[in-house]
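What follows is one structure encoded as structure tokens, with my remarks underneath.
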Amino acid sequence: MVKVALFGQKTSTSLEDVITPFLNFLSSHKVNYCIEEKFLQTISVLTDVNLTNVETFTSYEDLDKTVKLFFTFGGDGTILSAATIVKDSQIPIVGVNTGRLGFLATINKSVLLEQLENFFNGNYHIIPRSLLKIERNDGVEIKDNYAINEITVTRRETTSMITIDTYLDGEFLNSFWSDGLIISTPTGSTGYNLSCGGPIVHPSNQNFIITPVAPHNLNVRPLIVSENSCIDLKIRSRANEYFLSLDSRNLALTTDVELRISKAEFKINIVEANDASYFTTLRDKMLWGSDKRN
């Protein structure tokens, strides 16, 4: 029998109108399902479906790898969190958007039920998304050391800018004197990268983007490089620590820790409806053409 997984982070009642018919659809079509433990607690108060004996999971280790589809309920941030559970299992993620903005979670909850038949009949396409991988020079392992959107280095415990000496495949590139530096995938180009003046890059491109955050030198601009590049970072700061962010996961490191960023060995598979278009999503989310003069 087909089996799917359910995951979400949103704790509001925005799921009330969709979760019950969704679960009923799975039952009526004899689709088995498992639910992430915390998400089960969230939806159990929103539905009258009996979830007492439902199989649960908490992490990559106890997720059933035979799952056909991994449904996320929330927004793009929920998909970023789901990636730490799916990891290299290659299980396709179906992002159900229960919020407002979503470049990854493109299936609006209002059309989910009418799309379900297509998903279970295989009428969809999968878009593989490249990931960034990060390593420390001191050999200490970083948990879940990859990111779908971006890896960011920013200042910590100081109002002064930091200096980020950056090397590309061993060759010195620049010393970025700024509030921080973003290394973004094409998927993440519409995130933090975009808000800092970086370009929008189509997800099919095999590139990474290096974007400074509020650089002191105004002639410093974002740079697009090959995804096969190896990027080394050395941080100098008046403070002894700096922040490292992997998507929405943060940790503080001391300035003697150097970083190496490269392409991860695996990709995350995102499900899109057959009638979906990246450019349509881009126009809708960016409100292109909304100017009444158009």
Side-chain angles (χ1 to χ4, degrees), residues 7 9 69-108 124-134 142 144-153 180-213 222-231 244-250 261-273 276-286 288:
F7 174 75
Q9 293 179 306
L69 295 171
F70 193 101
F71 285 87
T72 68
F73 295 83
D76 286 356
T78 306
I79 292 182
L80 299 182
S81 296
T84 65
I85 298 176
V86 173
K87 293 189 178 181
D88 59 357
S89 67
Q90 301 298 305
I91 299 172
I93 297 176
V94 184
V96 181
N97 190 352
T98 63
R100 296 184 296 269
L101 189 64
F103 284 96
L104 286 172
T106 58
I107 312 298
N108 193 282
Y124 57 83
H125 53 273
I126 293 176
I127 309 297
R129 304 294 183 115
S130 294
L131 281 75
L132 293 157
K133 178 181 73 173
I134 190 165
I142 298 175
D144 297 329
N145 66 329
Y146 52 87
I148 299 179
N149 272 359
E150 73 275 315
I151 291 174
T152 306
V153 169
L181 193 68
I182 304 166
I183 313 296
S184 170
T185 65
T187 298
S189 68
T190 50
Y192 194 11
N193 163 77
L194 184 62
S195 67
C196 291
I200 297 173
V201 179
H202 191 279
S204 64
N205 284 278
Q206 298 177 334
N207 303 115
F208 292 142
I209 311 157
I210 302 175
T211 304
V213 180
L223 176 67
I224 298 175
V225 301
S226 167
E227 68 172 16
N228 295 315
S229 301
C230 180
I231 303 169
L244 171 66
S245 299
L246 293 85
D247 290 334
S248 56
R249 309 183 302 281
N250 304 311
I261 299 170
S262 58
K263 181 175 68 173
E265 293 83 3
F266 62 95
K267 296 185 178 183
I268 293 293
N269 294 321
I270 302 295
V271 170
E272 287 189 355
S277 163
Y278 177 78
F279 297 114
T280 298
T281 301
L282 200 58
R283 287 195 304 272
D284 291 344
K285 304 302 180 183
M286 302 293 291
W288 288 353

Exercise. Side chains of N269 and Q90: donor-acceptor distance under 3.5 Å anywhere?
Worked result: yes
For this session: Check whether any side-chain heavy atom of I268 sits under 4.5 Å from a side-chain heavy atom of L131, and report yes or no.
Result: yes
Exercise. Distance from I182 atom CD1 to S189 atom OG, nearest 0.5 Å?
Worked result: 11.5 Å
Problem set entry | Side chains of I209 and V201 in contact at under 4.5 Å (non-hydrogen atoms) | yes
Problem set entry | Approximate separation, where rounding is to 0.5 Å, of S226 OG and N207 CG | 7.0 Å
For this session: Kindly indicate whether the side chain of T185, heavy atoms from C-beta on, has any atom under 4.5 Å from the side chain of R129.
Result: no
Exercise. With a 4.5 Å limit on heavy-atom distance, are the side chains of L181 and T152 in contact?
Worked result: no
Exercise. Are N145 and K133 side-chain neighbours, meaning at least one heavy-atom pair lies under 4.5 Å?
Worked result: yes
Problem set entry | Q206 side chain to S130 side chain, donor-acceptor N/O pair below 3.5 angstrom | no
Exercise. Under a 4.5 Å cut-off applied to non-hydrogen side-chain atoms, are T78 and F73 in contact?
Worked result: no
Exercise. What pair of heavy atoms forms the shortest contact from Q9 to S81, and how long is it?
Worked result: NE2-OG, 3.0 Å
Exercise. Can you tell me how far the CG atom of D247 sits from the CG atom of L80, to the nearest 0.5 Å?
Worked result: 4.5 Å
Problem set entry | Inter- and intrachain pairs under salt bridge (Lys or Arg N to Asp or Glu O under 4.0 Å), touching residues 82-99, at least two apart | K87-D144
For this session: Taking the side chain as every heavy atom from C-beta outward, state whether I224 and P199 have any atom pair closer than 4.5 Å.
Result: yes
Exercise. What's the spacing between I79 CD1 and I93 CD1 if we round to 0.5 Å?
Worked result: 6.5 Å
For this session: Examine Y278 together with F103 and report whether their ring centres are nearer than 6.0 Å.
Result: no
Exercise. Do the rings of F7 and F70 sit parallel, tilted or perpendicular, given the 30° and 60° boundaries?
Worked result: tilted
Exercise. Does any non-hydrogen side-chain atom of T281 lie less than 4.5 Å from one of F279?
Worked result: no
For this session: Assess whether side-chain contact (heavy atoms from CB on, under 4.5 Å) is satisfied between T211 and Y192, documenting all intermediate values.
Result: CA-CA 9 Å; T211 304; Y192 194 11; over 6 Å; no
For this session: Hey, could you give me the CD1/OG1 distance between I270 and T187, rounded to the nearest 0.5 Å?
Result: 7.5 Å
Exercise. Roughly how far, to the nearest 0.5 Å, is CD1 of I151 from OG of S262?
Worked result: 8.5 Å
Exercise. Is a side-chain donor or acceptor of D76 paired with a backbone partner of A105 at a separation under 3.5 angstrom?
Worked result: yes
